[in-house]
Each structure stands twice: as structure tokens, then as C-alpha cells.
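Reviewing the structure listed below.
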Amino acid sequence: MKKLGYDFYRRNDVVKIARELLGKLLITKWNGQLTSGRIVETEAYNGVADRASHAFNGRRTARTEVMFGDAGTGYVYFCYGIHHLFNVVTNAKDIPHAVLIRAIEPLEGIAVMLQRTGKSEPNLRFTSGPGNVAKAMGIHTVHSGISLLGDTVFLADDGFLLDKKEIIATPRIGVDYALEDALLPYRFIIKDHPFVSGKKK
DNA sequence: CGACCGATCGTCT
DNA sequence: GACGATCGGTCGA
């Protein structure tokens, strides 16, 4: 298993990175509690040119500042007063690209995930959807700005291979306010994967 | 199934 | 003061 490094995140094409993150692992180790899952759904947010991005038109605030930081940083955003959404910051410093992790297939530490989500048994939804991913992985807004190059939260490649035919691109979820950008095919899912959230194609 | 709705609060205007 | 990069439940067909 190989941790994804700076060179992976530093690249310019956030849409390509979002596609490549399918099949990779998301791992957290808080206080020695290991949880991991395979990424099965992502969305690219293409910086200042993207109406769906918090950084659209160069909007730079205390909250969005993390996206303007260097590649390989976690951007965590609190949504609807309830949910935490975990993103991976890509591209160079001052270019606010990010990839939202929308769903994972749980692998290790399922008992811990159940505890965090208040469930008694795993089902096909409890790590499906960005709010559920962060909840199961124990990610909160206090982690916004954390480096993904360290050992507490990071992404990794375990050699899992996906055929191109297994990858589907669709419009992003919940960004109708983004006008024409709402139609861009920036959401990537693994075809027919049971842990994909919402629409399956 | 799909449509609708309430919860709940940080962030920006 | 309005508004979400959501979720899970309910209701009706």
C-alpha cells in the first residue's frame, strides 16, 4: 500500500484527479482508532471558474482559505448545520481546486464507524453520501487544513485497478444554484457499486 | 419508486 | 437574515 504524495495532489487537472481517486483508500487514525474505506464516488470543484465552488470568482474568506493552500490538504466544510463534508485540496498554492469525497466502501474499523454513526449494524448507506463519509471516518471541521501527507488522515493506493468502462461521469449533486456549471460532468462513480449515493448513473 | 420536508447552525451579506 | 457541495423519514401512487 502506497500513500498518495504531494506530486499526486499537486497536478493541475482536478477533474482527472477526481476520476483517479476512484478505487483509492481513505484512511484515518485518530487516537489509534483505524478506519478505512475505498473511494467509490467523488466530485471535482474547479476553483475560481466554477460557480459550484465556494471559491468561485476568487472568493477568499476565513472558511475558504484552506482551499487556497497547498496541495495535499484536507478541506472540511460544515453544511446545513448538520453535516461535515471532506475534500482534498489539489493544484498549487493560491489555486483553490478541491475534490469532494462522496462515498466509500467501508473496509477496516467497521465497529468504530458504527459507533460514530450511532448504527447497530452496517448497511449500504452508512458510508454513502459525503456527510456520512465524514461521520463514519470521524472527520470534523477542526480537521480543516490538516495535511494529508502525514499519518493521521491520508489517501492511499493499494493496487486496486479499475477498468475505464467501470467509471461513469455525471453532473454533480445538489449544485443547481451553479447555473450552467451544474451540468458539468464532474461527478465520478464506480458503475453499479452498491455504496454509491443518490442517482446511480 | 419519487416528491417533499424538517432538522440545525456556521458563514457571508 | 438568508442560505446551503445533506440526510433520513414520511406520504402518496
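A, B, ... follow the sequence lines: proteins, then strands. Residue 1 opens every chain.
Proximity note for A:Ile82 (side chain, C-beta onward) versus B:dT8, C:dC7, C:dA5: the nearest is B:dT8. Of the candidates B:dC12, C:dG4, C:dA5, the closest approach to any side-chain atom of A:Thr61 belongs to B:dC12.
Rounded to whole Å, the distance from NE2 on A:His84 to P on B:dC9 is 11 Å. Atom C1' of nucleotide C:dT6 and atom CG of A:Asn87 are separated by 14 Å, given to the nearest angstrom. When rounded to the nearest whole Å, the span between CE of A:Met67 and P of B:dT11 equals 13 Å. Atom pair A:Leu85:CG and C:dC3:C1' shows a separation of 15 Å (rounding to whole Å applied). Rounded to whole Å, the distance from CZ on A:Arg63 to P on C:dC3 is 15 Å. For the pair A:Phe56 CZ and B:dT13 C1', the interatomic distance rounds to 17 Å; values are reported in whole Å. At whole-Å resolution of the value, NE2 in A:His54 and P in B:dC12 are 10 Å apart. As rounded to whole Å, 11 Å separates atom C1' of C:dT6 from atom CG of A:Leu100.
Using a 4.0 Å heavy-atom cutoff across all strands shown, A:Arg172 reaches no nucleic acid atom at all. Residue A:Asn132 is classed as a sugar-phosphate contact, given heavy-atom separations below 4.0 Å to backbone atoms only. Note on A:Phe78: only backbone sugar-phosphate atoms sit closer than 4.0 angstrom, heavy atoms only; bases stay farther off. If you check every strand for non-hydrogen atoms under 4.0 Å, A:Tyr77 touches sugar and phosphate atoms only.
Ring geometry for A:His84 versus A:Phe78: interplanar angle of 30 to 60°, hence tilted.
Pair assignment for C:dG12: B:dC1, on the basis of Watson-Crick or G-U wobble contacts that are both within less than 3.5 Å. Pair assignment for C:dG4: B:dC9, on the basis of Watson-Crick or G-U wobble contacts that are both within less than 3.5 Å.
Nearest-nucleotide positions on DNA chain C for A:Val175 and A:Lys119 put A:Val175 closer to the 5' end.
For C:dA5, the OP1/OP2 oxygens have a side-chain nitrogen or oxygen of A:Tyr177 closer than 4.0 Å. Between A:Arg59 and B:dT11 there is no side-chain N or O to OP1 or OP2 distance below 4.0 Å.
Here the CG atom belonging to A:Asn91 is positioned 9.0 Å from the CG atom belonging to A:Asp13, to the nearest 0.5 angstrom. Here the straight-line distance linking atom CG of A:Leu4 with atom OH of A:Tyr6 works out to 14.5 Å at 0.5 Å rounding.
Under 3.5 Å, the side chain of A:His83 and the base of C:dA5 form no donor-acceptor pair of N or O atoms.
Counting all heavy atoms, side chain and backbone alike, A:Lys135 lies closest to A:Arg116 at O-CB, 3.4 Å.
Between C:dG8 and B:dG10, the distance separating the two C1' atoms is 22 Å to the nearest Å.
Although no hydrogens or angles enter the test, the distance criterion places a donor-acceptor pair under 3.5 Å between the side chain of A:Thr127 and the main chain of A:Ile104.
Remark: ring of A:Tyr45 overlaps the six-membered base ring of C:dA5 in a stacked fashion, centroids less than 5.5 Å apart, planes less than 30° apart.
For the pair A:Arg11 and A:Phe8, the cation-pi test (distance below 6.0 Å, angle within 45°) is passed.
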